Structure formats: structure tokens, C-alpha cells
Amino acid sequence: LAKADVSAFQGTGLAVFKDVSLVFPRGKYEVEMYASFMRLHGKTYDYKVLYSNIARVFQLSRSRDDRHVYVVVSLDQPIRQGQTRYAHLVFLFARDDAPVSVPLHVDDATYDAKYK
């Protein structure tokens with residue numbers, strides 16, 4: 001298990017976002033944020049994206065309307081789905097959505113030491 005690096009998936013992530021729409025790769029995913037990576041869990045595929053692998057993050061307005069916003073995450077090493085490689089993750093959010101409040105799964109001492 002130590003060599004396969006699967007022990008990091010045990011337990012709950014720091015924060016979990018449900019039903020996040022992605023344009024590339026297409027679908028709705030559950031996004032779990034961990035200390036050093038984020039995990040995208042869909043109906044068919046699971047992806048693990050290291051934070052150190054993220055090169056840039058962009059916020060773009062949708063040209064057809066002003067109701068949606070794209071958030072593009074550029075990756076140094078693309079994720080693979082079969083023979084297809086995705087060098088960018090494109091999230092789609094509605095501009096009118098209310099701010100989301102998500103409970104953090106971390107104790108107060110760790111939060112004060114690392115994330116405050």
C-alpha cells in the first residue's frame with residue numbers, strides 16, 4: 001500500500017464539493033480537497049491532481065452570456081483517460097450561485113497551524 005500510494009484515499013478530505021460541473025473532462029464530479037492533492041470522483045472515472053502539478057488557474061467569462069463563469073486549471077502533467085490527455089480542467093459555475101459554505105474536516109489545532 002505504501003508503494004502504490006493508495007493510503008491517502010482513506011478517510012475524508014479537508015473539504016468536499018458535490019456535483020461540480022466540468023466541461024473537460026465532461027461530466028459532474030465530486031471534488032475532494034486533501035492536504036496535497038484534489039480528487040475528482042465521477043460516475044465512471046476518478047482523477048487525482050497534485051497541487052504541485054497545477055501551473056495556472058484562470059477565471060473566464062462565458063462569451064454567450066454573463067450568467068456563467070469558467071475556471072480553467074492548467075496542469076503541468078496532463079491527466080489521462082484512455083488515450084485522451086487533458087492538460088486543462090475546465091469547471092463551469094453559475095455566476096448567480098450563492099456562496100457555498102462547506103464544513104472543514106480538520107481539527108482546530110491543525111487548522112490554526114497550517115491553513116489559517
Side-chain angles (χ1 to χ4, degrees):
L1 289 176
K3 290 183 181 182
D5 193 24
V6 294
S7 62
F9 279 56
Q10 295 176 352
T12 309
L14 298 175
V16 179
F17 300 95
K18 297 187 181 284
D19 292 331
V20 177
S21 296
L22 267 82
V23 179
F24 295 110
R26 186 173 59 184
K28 289 210 181 248
Y29 289 86
E30 180 179 279
V31 179
E32 293 182 70
M33 309 295 282
Y34 289 89
S36 61
F37 66 95
M38 73 176 160
R39 180 176 172 240
L40 303 171
H41 176 71
K43 291 181 180 178
T44 310
Y45 296 102
D46 286 338
Y47 302 107
K48 179 180 174 182
V49 178
L50 298 173
Y51 296 138
S52 60
N53 192 21
I54 295 175
R56 290 184 178 88
V57 178
F58 298 99
Q59 179 181 343
L60 304 171
S61 296
R62 189 171 178 184
S63 62
R64 295 183 212 155
D65 57 11
D66 282 339
R67 293 184 293 167
H68 293 92
V69 173
Y70 291 117
V71 175
V72 180
V73 177
S74 297
L75 304 174
D76 283 335
Q77 297 174 354
I79 58 175
R80 290 186 53 185
Q81 178 180 323
Q83 294 295 324
T84 307
R85 295 176 186 233
Y86 294 102
H88 307 284
L89 303 175
V90 181
F91 295 87
L92 178 65
F93 296 104
R95 192 181 296 266
D96 298 341
D97 282 347
V100 177
S101 178
V102 177
L104 295 177
H105 303 287
V106 65
D107 60 353
D108 292 335
T110 306
Y111 176 77
D112 290 337
K114 289 186 178 181
Y115 304 111
K116 194 163 189 173

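Computation of the quantities below employed the complete heavy-atom set of this structure, encompassing side-chain atoms and omitting hydrogens, waters and symmetry-equivalent molecules. These figures come from a predicted structure and were not determined experimentally.
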To the nearest 0.5 angstrom, please state how far the CG atom of D107 sits from the CG atom of D112. 9.0 Å
Are more than 12 heavy atoms, taken from residues, nucleotides or ligands other than D108, located less than 6.0 Å from that residue's CG atom? no
Heavy-atom closest pair, residues Y86 and L75: O-CD1, 4.0 Å
Passes side-chain contact (heavy atoms from CB on, under 4.5 Å), L22 versus V90? Steps please. CA-CA 6 Å; L22 267 82; V90 181; over 6 Å; no
Using a 6.0 Å cut-off, check whether atom CD of Q81 has over 12 heavy atoms from anything other than its own residue. yes
Taking every heavy atom of S74 against every heavy atom of F58, the minimum-distance pair comes out as OG-CE1, 3.8 Å
Carefully, step by step, assess H68 and F93 under the rule side-chain contact (heavy atoms from CB on, under 4.5 Å). CA-CA 6 Å; H68 293 92; F93 296 104; over 6 Å; no
So, do L89 and F24 sit near enough that their side-chain heavy atoms are less than 4.5 Å apart? no
What one should report as the nearest heavy-atom pair of R80 and Y47 is O-CE2, 3.8 Å
Side chains of V16 and V31: closer than 4.5 Å at any heavy-atom pair? no
What I'd like to find out is whether the side chain of H88 reaches to under 4.5 Å of the side chain of V73, using heavy atoms alone. no
Taking side chain as C-beta onward, heavy atoms only, is D19 less than 4.5 Å from Y29? no
Please examine the side chains of V23 and F91, heavy atoms only from C-beta on, and report whether any two atoms are closer than 4.5 Å. no
State, with a plain yes or no, whether a side-chain heavy atom of V49 is found less than 4.5 Å away from one of F37. no
Under a 3.5 Å threshold, yes or no: a donor from one side chain and an acceptor from the other, between R26 and S21? no
Shortest non-hydrogen pair, R39 vs D46, comes out as NH2-OD2, 3.5 Å
Report yes if the side chains of S61 and R95 come closer than 4.5 Å at any heavy-atom pair, otherwise no. yes
For K18, which of E30, E32, H41 qualifies under side-chain contact (heavy atoms from CB on, under 4.5 Å)? E30
Closest non-hydrogen atom pair between P78 and D76, with its separation: CD-O, 3.8 Å
